[in-house]
Student: 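The structure under discussion is supplied below as structure tokens; questions concerning it will follow.
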Amino acid sequence: MVPAVPGTKLIILCSPGNPTGGVLGFVLTREDLDCAAEIAKACNSWVLSDEIYSRLVFDGNPDSIALREDMLKRTVILDGCSKAFAMTGWRLGFGLFPEELVEPAKNLAINSWTCLPPFVAAGAETALATPEEVMAPMRSEYKARRDLVYEKLSGTPGISVAVCPAGAMYLLANVTGTGLSSGEFADRLLQEQGVAVLDGNFFGAGGDGLIRKGHAEFVLNSGRALAEQEKKFQACGVQARTQHLMTASLLSGALAFDAWMLLRQSSVDGFGTTYVYTFCIVLPRYLERHPAAMRGWSTLVIYVLDPRSFAWPEETERMGAFRARFLWESLLALRADLQRLGSDLVLRTGKPEEVLPDLLPPGSALITQEEVTAEERAVDQRLRSRLETVKVDVEHCWGSTLFHIEDLPFDPANLPESFTVFKNTLAPELKCACNAIPPEYLDLPKPKTSLSIRPCMPELELGSLPLSAVFCKDVGHPPSWADMPLPSSQSGDDLPAAPLFKGGERAGLHRLEYYFSGPLATYAETKNNMLDADASSKLSPWLAHGCLSPRRVFEALRKHEMQAATASSYWLLFALLVRDFFRFVAVKHGSRIFHGAGISGKRLDWSGGDEEFAMWTTGQTGYPLVDGNMRELKQTGWMSNRGRQNVASFLIWDLQVDWRRGARWFEANLIDYDVTSNWCNWVAAAGLTGGRINKFNVVKQSHQYDPSGRYLRKWLPELSSLTDEEIHEPWKLAPERQHLVHDYPRPCVDPGKFAFAVKQAAGAREKAGKPLKLASTPLHPLRESSMRPWHKPAS
Ligand SMILES: Cc1cc2nc3c(=O)[nH]c(=O)nc-3n(C[C@H](O)[C@H](O)[C@H](O)COP(=O)(O)OP(=O)(O)OC[C@H]3O[C@@H](n4cnc5c(N)ncnc54)[C@H](O)[C@@H]3O)c2cc1C
């Protein structure tokens, strides 16, 4: 306490104080009030003690200078009903005056305040008679809010709070660490988040860099369970920070939609409208469209490059350079799109469960796509438990499929085993979904039952997804190729250009638009063509990476079908349904899609080993259709569906190699690798789903699907001089023409016995089928624990 200036007439005290919430006699010591009383007496001055918050003291009891000896007669105590009694609209203030000041105060007041409204007077009378039992719960509610807001704000990067308020309903926070002035911070908070705080400058020069945040927003609801209260408080705390934190996601349109629904459902629950969430996604999915409902929220999109998806534990390649490059391009495109919306992309490399707890502030929420396969779910589980300890909530959204899992007309556990039954069950739903979607649908928390495919989100306006000021400094550098945690042998520089497959939403939309503008018309006839770029949609890389939502493709199909529903549009929808089916198969059957014995649990014995596998991967089997496709895969990251069916069949039934080695090879090399599409197609190719077994005679298929040999000539230049007829079976060349193919290997399976061998091998294996104990089966190394036991030692 500073000694009073001689001649001091009035000492003004404000405790608990506005804007800090500091309390004299508590934050300072009791002696401060004693000292102030002594000074007042020594100077013979009056004291004006503003005690309007005296009923809102949380720690200890309220104190007053008037309680000191001889002080009551020289102290004016000001009080009112608007704070503790929440009569903020109909204000009523009052004072306790020493007798000598009553008349002068009356003279001052009489012409300024007249005609107190009778109901306000009646309210004040009741308020002042309010017993302590009624006040106590309200005080403890405020105290809890104070605790929460203090804790959350103090833990927010860029913000510090010097004083934990012992009373009142405010807190003064220093925001200079955000790089913004307090005025800018308060303005952005209001404009971007719709949350008002007061710039500290309004309290004088000392307030520069500070903002005042109130914590009296919520209506008291003592009937709620404690857990709900906590959640409310958490929302309150997060809202208090306002700022921050809406971070969002590498979410595909479908996913963004679901995230939005989730948030809307939360807000319907009654926590108000200003939601501050941390959205991010940690596994490869991208933002396609943001829901318009996010407008005004500050967002942060986080992408974590997890080294485990780039290399197997033994450090061999798991994500090939083509897929890695597509991912990298998608990240660059995503960043540019987010910047246009006012946000940005944060890129981190590491295990999500290790990276994210340090990045996400307590009180935020992380939204990720719900995964369905073992390894991805294990990451998710570890992440969830780590984030729990730092008080970050994790929410899941369904994503990736055309049909939302909740909209299936059956429990996923009862998914039909056969695709045909699945498709036929959904057919009526699809018919309904082709109807126009009513705009009011967007305002419903749940889809109408007749609309089983949810619509895509509308596009956001530029600048409508602003990045939180708090996160601005954390964004880091733009994604660079060096960020990709690739095994050392890989390089991005020496990859051939892949003009068709450029990562990112725009490129995907461009391909979609182009394909629907013409080539789709002949899809039914061309989809098995292996060579031509427009033979099939080639949308799979964008779908697999989440750059495009299947709902977006469906929307285009619906528009197309309004003009003309053709066989081609039917078959494309059919393909999208196959994709959905396999994802739901993984939900139903879990890790069996990775088991050697598959879903059906049949034992197959594999006589093929490393040598056969190497011939297959390098395109040296001597069977042109297989070799052409395998070389295309290695050189471009792409293979047509017809090619995939044939090479898978050849590896499994002719070379008799464990199908999981093929699936792993595809995982490493396909640009459009998708965990359920790949592993389910492979387990099906091995005849281990319990359904029909498809074995392909690759020679017949070669004649049928590449009659002129155009495809084979492109990928097997050493066969380019053969005729259209010869090229499918070079071993049949007349002796005088054999020199034309001396660079090409002899067939690794005796062609004379080929068709017979296929039949025999398959029949024998089917007979040998026995149920297995799945736990003892060698499995996908990371998805299950055992390590590649199907490898024969190199001879
Ligand atoms: C052994 C094997 C492994 C496969 N691995 C994958 C994979 O990792 N990722 C992947 O996306 N597809 C995979 N497929 C499915 C299919 O080969 C590709 O989806 C298709 O070739 C992609 O080309 P497109 O986009 O032109 O397809 P289109 O014929 O134009 O079909 C449109 C979309 O439907 C989906 N689709 C079509 N057929 C299938 C199918 N059989 N299974 C699942 N989805 C399908 C794809 O998303 C495709 O983009 C695999 C098929 C086999 C036989």
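Counting convention: from 1, in listed order, for ligands and their atoms alike.
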Student: Quick check for you: to the nearest 0.5 Å, what is the distance between Phe422 atom CZ and Leu408 atom CG?
Tutor: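 Rounded to the nearest 0.5 Å, the CZ-CG separation comes to 6.0 Å.
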Student: Just need the protein heavy atom nearest to atom 1 (C) of ligand 1, so name the residue and atom and give the distance.
Tutor: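 Looking only at protein heavy atoms, the one closest to atom 1 (C) of ligand 1 is Trp682 NE1, 3.4 Å.
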Student: Measure from atom 10 (C) of ligand 1 to every heavy atom in Leu520, Asp672, Val553 and give the option owning the shortest one.
Tutor: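 Among Leu520, Asp672, Val553, the closest heavy atom to atom 10 (C) of ligand 1 belongs to Asp672.
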Student: Are any of the side-chain heavy atoms of Trp481 and Leu486 separated by less than 4.5 Å?
Tutor: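 Yes, side chains in contact.
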Student: Taking N or O atoms only and a 3.5 Å limit, does Ser640 qualify as a polar contact for ligand 1?
Tutor: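 By distance alone, the answer is no.
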Student: Salt bridge check: are Asp610 and Arg661 linked by an N-O gap of less than 4.0 Å?
Tutor: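 A salt bridge links Asp610 with Arg661.
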Student: So, are Glu667 and Arg664 salt-bridged, with charged N and O less than 4.0 Å apart?
Tutor: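 No.
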Student: Which one of Glu375, Glu376, Glu371 satisfies the side chain to side chain donor-acceptor pair (under 3.5 Å) criterion with Thr373?
Tutor: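 Single pass found, and it is Glu376.
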Student: Between Phe326 and Trp542, is the ring centroid distance below 6.0 Å?
Tutor: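 They qualify: ring centres under 6.0 Å apart.
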Student: For atom 23 (O) of ligand 1, what's the nearest protein heavy atom and its distance?
Tutor: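 Of every protein heavy atom, Trp638 CH2, 3.1 Å lies nearest to atom 23 (O) of ligand 1.
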Student: From the options Ala544, Cys680, Pro550, Ser537, select the one whose nearest heavy atom is closest to atom 27 (O) of ligand 1.
Tutor: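 Selected option, by shortest heavy-atom distance: Ser537.
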Student: Give me the nearest non-hydrogen protein atom to atom 29 (O) of ligand 1 as residue plus atom name, then the distance to 0.1 Å.
Tutor: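 Minimum-distance protein heavy atom for atom 29 (O) of ligand 1 reads Tyr523 OH, 2.5 Å.
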Student: Would a line drawn from the ring center of Phe419 to the ring center of Phe574 be shorter than 6.0 Å?
Tutor: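 Yes, ring centres under 6.0 Å apart.
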Student: Quick one: do Lys588 and Glu417 make a salt bridge, cutoff under 4.0 Å?
Tutor: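 Glu417 and Lys588: salt-bridged.
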Student: Which ligand 1 atoms does Ser540 reach within 4.0 Å, using its non-hydrogen atoms?
Tutor: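 Checking each atom against Ser540, I get 11 (O), 22 (C), 23 (O), 25 (O), 49 (O).
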Student: With heavy-atom distances below 4.0 Å as the criterion, list the atoms of ligand 1 near Lys538.
Tutor: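 Answer, ordered by atom number: 24 (P), 25 (O), 26 (O).
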Student: Under a 4.0 Å threshold between the charged nitrogen and the carboxylate oxygen, would Asp706 count as salt-bridged to Lys714?
Tutor: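 Salt bridge absent between Lys714 and Asp706.
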Student: Are the aromatic rings of Phe594 and Trp679 close, with centres under 6.0 Å apart?
Tutor: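 Judged by ring-centre distance (under 6.0 Å), Phe594 and Trp679 do meet the cut-off.
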Student: Could you list the atoms of ligand 1 found under 4.0 angstrom from a heavy atom of Leu572?
Tutor: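 Checking each atom against Leu572, I get 30 (O), 32 (C).
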Student: Identify the closest protein heavy atom to atom 3 (C) of ligand 1: which residue and atom is it, and at what distance?
Tutor: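 Its nearest protein heavy-atom neighbour is Asn678 OD1, 3.5 Å.
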Student: Need the ligand 1 atom indices (1-based, order shown) with element for anything under 4.0 Å from a heavy-atom of Phe582.
Tutor: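 Listed by number with element, the hits are 42 (N).
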Student: Going by the order shown, which atoms of ligand 1 are within less than 4.0 Å of some heavy atom of Asp674?
Tutor: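 Those qualifying, in numeric order: 7 (C), 8 (O), 9 (N).
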Student: Based purely on interatomic distance, does Leu539 place a nitrogen or oxygen under 3.5 Å from a nitrogen or oxygen of ligand 1?
Tutor: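 The answer is yes, given that Leu539 and ligand 1 share an N or O pair closer than 3.5 Å.
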Student: Among protein heavy atoms, which sits nearest to atom 15 (C) of ligand 1, and what does the distance come to when rounded to 0.1 Å?
Tutor: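 For atom 15 (C) of ligand 1, the nearest protein heavy atom comes out as Asn681 ND2, 3.6 Å.
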Student: Given Asn641, Thr526, Leu543, identify the one with the heavy atom nearest to atom 21 (O) of ligand 1.
Tutor: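 Heavy atom nearest to atom 21 (O) of ligand 1 belongs to Asn641.
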Student: Are Arg323 and Tyr673 in a cation-pi setup, meaning NZ or CZ lies under 6.0 angstrom from the ring centre and within 45 degrees of the ring axis?
Tutor: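 No; the conditions do not both hold, so Arg323 does not lie above the ring face of Tyr673.
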Student: Just go through Arg642, Arg644, Lys527 and tell me whose heavy atom is the nearest to atom 18 (C) of ligand 1.
Tutor: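 Looking at heavy atoms only, the winner is Arg644.
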Student: If you have a sec, work out which protein heavy atom is nearest atom 38 (N) of ligand 1 and how many Å separate them, to one decimal?
Tutor: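 Nearest neighbour among protein heavy atoms for atom 38 (N) of ligand 1, to 0.1 Å: Ala575 CB, 4.2 Å.
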Student: When rounded to the nearest 0.5 angstrom, what is the spacing between CG in Asn669 and CE in Met639?
Tutor: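 Result: 9.0 Å between the selected atoms.
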Student: Where is the nearest protein heavy atom to atom 39 (C) of ligand 1: which residue, which atom, and how far?
Tutor: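 Result: Val578 CG1, 4.2 Å.
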Student: Can you pull out the closest protein heavy atom to atom 47 (O) of ligand 1? Residue, atom name and distance to 0.1 Å, please.
Tutor: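 Residue, atom and distance for the closest contact: Arg579 CD, 3.2 Å.
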